[in-house]
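Notes for the one structure printed next.
Each chain gets a letter, A, B and so on, in the order its sequence line appears, and its residues count up from 1. Note that the coordinates shown come from a computational prediction; the quantities given were computed from them, not determined experimentally.
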Amino acid sequence: MMTAIQTDALTKRFGEDVLAVDGLDLEVREGEVFGFLGPNGAGKSTTINMILGFLQPTSGSVSVLGMDVTRESLAIRQRIGLLPEGYEPYENLTGREHVESAIHAKGADDDADELLERVGLDPDDARRAASEYSTGMAKRMSLAVALVGEPELIILDEPSTGLDPDGVALLRRIIQEETERGAAIFFCSHILEEVEKVCDRVGILNQGALVALDTIDNLRSELQTGATVSAQLDAVPDGLDVASVDGVRAASVTDRTVDIEVSAAAAKMDALRYLDDRATVEDVRIDDASLEALFDEYTGTRDATAANDATGGDDGAGGDATVDPPAAADGGESA
Amino acid sequence: MSFATVFRDDFKNTRRSYVVLGVIATLTGFVSLITYSVAEFHHDAFRALFDVSFFFFLVFPLILVPLTYLTVAGDRERGSIKHTLGLPNSRAEYVLGKYVSRTAVALGAVLASVLAAILIGLGMYDGSVDVVRFATFAAITGLFVASMTAIFVACSTLTSRRSRAMFGVIGLYFLLGPFWLGFLPVVSLQSVVTTVADLLGTTLSDTTRGYITLASPTTAYLSGLEPVYDGVIGSGDYPRVTANYAIEGSRELYQENWFNYATMTAWGVLALAASYAKFRVAELG
């Protein structure tokens, strides 16, 4: 299977002091939705700019759809769609003209009106100057531009920002439609809830290095952040020992409610079966560890690691930290 | 295809802005005013072009500033460049499309102003309006405008900040215009050249000074307008025209009209080429 994006030891320095991206090894597979996360200044934008050929890597390489970005940039841009973050459209061109521009540049046979309708931009608005657009309208227009030519890879940089709830739902639906068509989506966002809903895998970037790369479920398992199961029973039987179930980290009882912390997804059902065998379970609530909690775990650990590196005087270990999860001891915080 | 996309988008975006209206209105207004004023003193309409040419030399490049300084720097600062270069448009097509678009607008302004001058000439002047002289003037001025637009767009291409682009373009205007021609007696190229020659213990021949003086696109423009006054120079009808264009003795290479046109062309081409060479590998993040 061809990779949509592949970076090998990708590094970008600005001057002598700023190491924006540090030996990044990343693979985005064909047809997947990949979430790219990181706090401000983590190096996400720099990475995207290198993927697009806007910035030259200091070292390492990037290939997109099997092509080298430095040598085959035009061919790549013919086959990808881009929704850039934080840019102002051409103020005196209409939304429709922006989309027509993309159709013209790609030599595609899309219908601009159909694309604009698909992203929910009203036909009257589509014929107004883009300078009059709200952030959400400009975002919808940019999404329409990104969809031109049925791209094999769509790079969405903060696509939810400025969208109303309807817009966010529409974005999610379009992402699903595009992946069903076979496109890969590179989804860069700081709205973790959105990433959690749409992404197959995520990569978390911190201080220029990839600190996590996996499915969200696997990251939960690796960190043992798991989930919390709250079960309300008709009566709490004597000698209840849910903590003895494999995968259960801790349990407590308050009135008729049993709160169980599990470290792995599979333990949720095991714990519930244990309760069901001994009492009548009247109500259940399950709270999975949010991506935000995972994000905090990874980026917080990385901060500590970086501080240790700084005192130790060795900053050459960026590649080592690429996908190692934080130490298990850190997992205790989330329980 | 991509060049056409960039050109079309930029031309539409530019012509719908108030900047274009301002450029065309200002230029046409001033040229009309000059043509109207000169009618009181001369009976041939083309004589007004002599005064208009100094306006083009001295003021029009300043009018070009708002049209050109944000051509690329503005896109980079606003991030709009990500729309264009996120599509399969090469950087060369981007710069060339932008340049041709802005030049087309500037040439439109020149054409409008010359047409206005012809109309005023038909109504105000006693003598006939020599359309060939006006057309010759428009063509040479068009070359000058294309050259200056290239220089200013090149300056815009070299920076990602609008403030730097503004200072750069205005600085180039003063360097290539008033400073080069010697509008200010002390702060002029001739003063600098003389001082340097003195320090080196040498003197410059008139020929060398001639080459230096006409090496700017602005001075080359003024000198290259000679064909507009064909048959008039030395006739005694228009002494100021004769004083500016009559050549005593043998004609040097730098005094050939084609040399002036080559100078303007070279400035435009080299400025764009040099700026593209840097922009081609520029970091756009």
query = Between B:Tyr94 and B:Phe279, how do the two ring planes meet: parallel, tilted or perpendicular, split at 30° and 60°?
reply = parallel

ask   = Checking A:Asn49 against chain B: side chain, backbone, both or neither under 4.5 Å from a heavy atom?
value = side chain

ask   = Does the side chain of A:Leu147 reach to within under 4.5 Å of the side chain of A:Arg118, using non-hydrogen atoms?
value = yes

message = Counting only heavy atoms not in A:Tyr87 (residues, nucleotides, ligands), do more than 12 fall under 6.0 Å from its OH?
response = yes

ask   = Is A:Lys12 close enough and on-axis enough to A:Phe14, meaning under 6.0 Å and within 45°, for cation-pi?
value = yes

task = Taking the side chain as every heavy atom from C-beta outward, state whether A:Asp22 and A:Gln207 have any pair of such atoms under 4.5 Å apart.
result = no

task = Keeping the roles fixed (side chain from A:Arg128, backbone from A:Glu132), state whether a donor-acceptor pair exists under 3.5 Å.
result = yes

remark   = Assert top hit (heavy-atom pairs under 4.5 Å, partner chain B, pool A:Glu97, A:Gln56, A:Glu91) equals A:Glu97

query = Between B:Ser2 (side chain) and B:Glu93 (backbone), is there a donor-acceptor pair under 3.5 Å?
reply = no

query = chain B heavy atoms under 4.5 Å from A:Glu85: which part of the residue, side chain, backbone, both or neither?
reply = backbone

query = Side chain, backbone, both or neither: which part of A:Leu93 has a non-hydrogen atom closer than 4.5 Å to chain B?
reply = both

query = Contact part of B:Arg8 toward chain A, heavy-atom cut-off under 4.5 Å: side chain, backbone, both or neither?
reply = side chain

query = Side chain, backbone, both or neither: which part of A:Ser101 has a non-hydrogen atom closer than 4.5 Å to chain B?
reply = both

request  = Identify which part of B:Asp75 has an atom lying under 4.5 Å from any heavy atom of chain A, answering side chain, backbone, both or neither.
outcome  = side chain

inquiry  = I need the residue from B:Ser80, B:Gly79, B:Ser90, B:Ala282 with the largest number of non-hydrogen atom pairs under 4.5 Å to chain A.
reply    = B:Ser80

Structural part of A:Pro84 lying under 4.5 Å from a heavy atom of chain B = side chain

